[in-house]
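In this chain, numbering begins with 1 at the start of the sequence shown. Hydrogens, waters and symmetry mates play no part in the numbers below; they use all other heavy atoms, side chains included.
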Amino acid sequence: MLKGKRIAVIGTGYVGLVSGACFAYLGHRVIGLDVDTNKIERLKRGEVPIYEPGLDRILKKAIEDGNIEFTTDYGYAVKNADYIFIAVGTPSREDGSADLSYVESAYRSIAEFIDGDDFKVIVNKSTVPVGTGRWAKEFIAGLLREKGVKEPEKRFEVVSNPEFLREGKAVEDFMNPDRVVVGADNREVAGLVASLYEPLQPPILITDLPTAEMIKYASNAFLATKISFINEIANVCEKLGADVTVVARGMGLDHRISPHFLRAGCGFGGSCFPKDVKALIHTAKSVGEEPRLLESVIEVNERQKLRPVEKLLKHIPDLEGRTVAVWGLAFKPETDDMREAPSIPIIRELLARGATVKAYDPVAVENARRVFEKELHTHPQRLIFTSDMYSALEGADALILVTEWPQFKEVDFDKLRGKVVIDGRNLWNPTLMRKYCTYESIGRS
């Protein structure tokens, strides 16, 4: 029988809230901490502030079992936990480097409440540049030394435990992990962190700190590379009359390649791939390396996001006064996350060319309103968010599919009759579509 451990999770975003709720579901005693008072009040009422399938059920069970609570009080969280997970954002700076200001703030607040009798395991769940863990050990020890704690290095240990959670599948990924990576200079402490996942019986990889940090970046960079690779192949396929979906299928049958992340489309977005590839590029350059492949991954992806607009312009060269429907705003299905979503540059380009945009997404409209706050002010009549997919089509000359939500697969094709349809995710059958509309997809001539 699992004897629950005392865990604090700093940050209640996608990673922190899912990790905290799942740890509590497994029987650990969890305190979720966030500086956002409104978010914490909602969580105390059992409301889930993000869209993540299955999370509401997991969180409800954890609350009913009394295994999770929420607070804005750092002192309470630190004093009542032996393991402190940091799950705050590390957004990109203009130069591509990771902004560690939220992480550093968390370290400072943790150190404020560690005293001479404590031993705390501080676990980096946030994605941080290689070397951050060892820097953090010196930084926190210095803070403790300043406030008079003797032998501060004995009062805590820093561990890297990178997350591999896909938005939209985060609960599933936590409960059925491909692997759990734990990096620490103290192997015994690494084993303690690994034991938190014992009920899941996952493959465990214990490494040193920088290796664990690099595993996270290298994993995301490789997946992003596969996406940019197949998108570049798709663009060549169009010119040569080949079908990229069949090409990808043929490639994926090779077990050395696998079919995963070989779906051509209008590029990747989200909170991880763009940010992590840019951060790895910055890290590589800081040690004198020229990461040309990684730079190309970002370059290809940025171009690919506007590929649907380029295709539309072939059929409607002048968009002034035209209306374009956009289906899908979130960066991927099953999430309301708009970070780095391809829909953002697509809609902004359409507006810049004088088009009216009528956009729909099943769950991301409220987040989209925040992203496009400026455009809604400057173009109130030309950017319209609709309550359903077919309302977006009313009066539209064209449709661009950006996010492949399942409900878009089975549509009333009669409603597309006579329109220009750009399928940015290769969701529909070209032969069928061309019976109803002028149709283009990605990498299928």
Is there a donor in the side chain of [X] and an acceptor in the side chain of [Y], or the other way round, less than 3.5 Å apart?
| X | Y | value |
| --- | --- | --- |
| Arg339 | Asn367 | no |
| Thr12 | Asp34 | yes |
| Asp95 | Ser97 | yes |
| Lys226 | Ser258 | yes |
| Asp73 | Thr71 | no |
| Thr438 | Lys419 | no |
| Tyr439 | Arg444 | yes |
| Ser101 | Arg93 | no |

Check for me whether Arg6 meets the cation-pi criterion with Tyr83, that is, NZ or CZ under 6.0 Å from the six-membered ring centre and within 45 degrees of the ring axis.
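So Arg6 doesn't make the cation-pi contact.
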Does Lys125 make a cation-pi contact with Phe85, if we ask for NZ or CZ under 6.0 Å from the ring centre and within 45° of the axis?
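No, cation not above the ring by the 6.0 Å, 45° rule.
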Rounded at 0.5 Å granularity, tell me how far OG in Ser343 sits from CG in Leu350.
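Between atom OG of Ser343 and atom CG of Leu350 there are 11.0 Å.
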When rounded to the nearest 0.5 angstrom, what is the spacing between CG in Asp178 and CG in Leu205?
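The CG atom of Asp178 sits 13.0 Å away from the CG atom of Leu205.
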How close do Cys272 and Glu163 get, counting heavy atoms only, and between which atoms?
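Smallest interatomic distance, heavy atoms only, reads SG-OE2, 4.2 Å.
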Return the minimal non-hydrogen interatomic distance between Lys275 and Thr90, and the atom names on each side.
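Minimum heavy-atom separation between Lys275 and Thr90: CD-O, 2.8 Å.
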Look at the aromatic rings of Trp135 and Tyr107 and report parallel, tilted or perpendicular, splitting at 30° and 60°.
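Plane angle between 30° and 60°, so tilted.
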May I ask you to decide if the ring planes of Phe174 and Phe23 are parallel, tilted or perpendicular, using 30° and 60° as cut-offs?
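Phe174 vs Phe23 ring planes: perpendicular.
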Any pair with a residue in residues 343-356 that passes salt bridge (Lys or Arg N to Asp or Glu O under 4.0 Å), sequence neighbours left out, goes on the list, sorted by first then second residue, please.
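Checked against salt bridge (Lys or Arg N to Asp or Glu O under 4.0 Å) - neighbours excluded - the pairs reaching residues 343-356 are Arg348-Glu375, Glu349-Arg353.
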In sequence, state the C-alpha distance, the side-chain angles, and the governing distance for Glu64 and Lys61, and then conclude on salt bridge (Lys or Arg N to Asp or Glu O under 4.0 Å).
CA-CA 5 Å; Glu64 289 174 351; Lys61 180 68 165 58; over 6 Å; no
From Thr127, Val128, Ile10, residue fulfilling side chain to side chain contact (heavy atoms under 4.5 Å, CB included) relative to Val103:
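Going through the options one by one, the only one that passes is Val128.
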Any side-chain to backbone donor/acceptor pair from [X] onto [Y]? Under 3.5 Å, distance only.
| X | Y | answer |
| --- | --- | --- |
| Trp327 | Asp361 | no |
| Asp388 | Tyr390 | yes |
| Glu404 | Pro333 | no |
| Asp423 | Trp428 | yes |
| Thr283 | Ala279 | yes |

Neighbour count >12 (heavy atoms, 6.0 Å) for atom OH, Tyr102
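Count not over threshold, so no.
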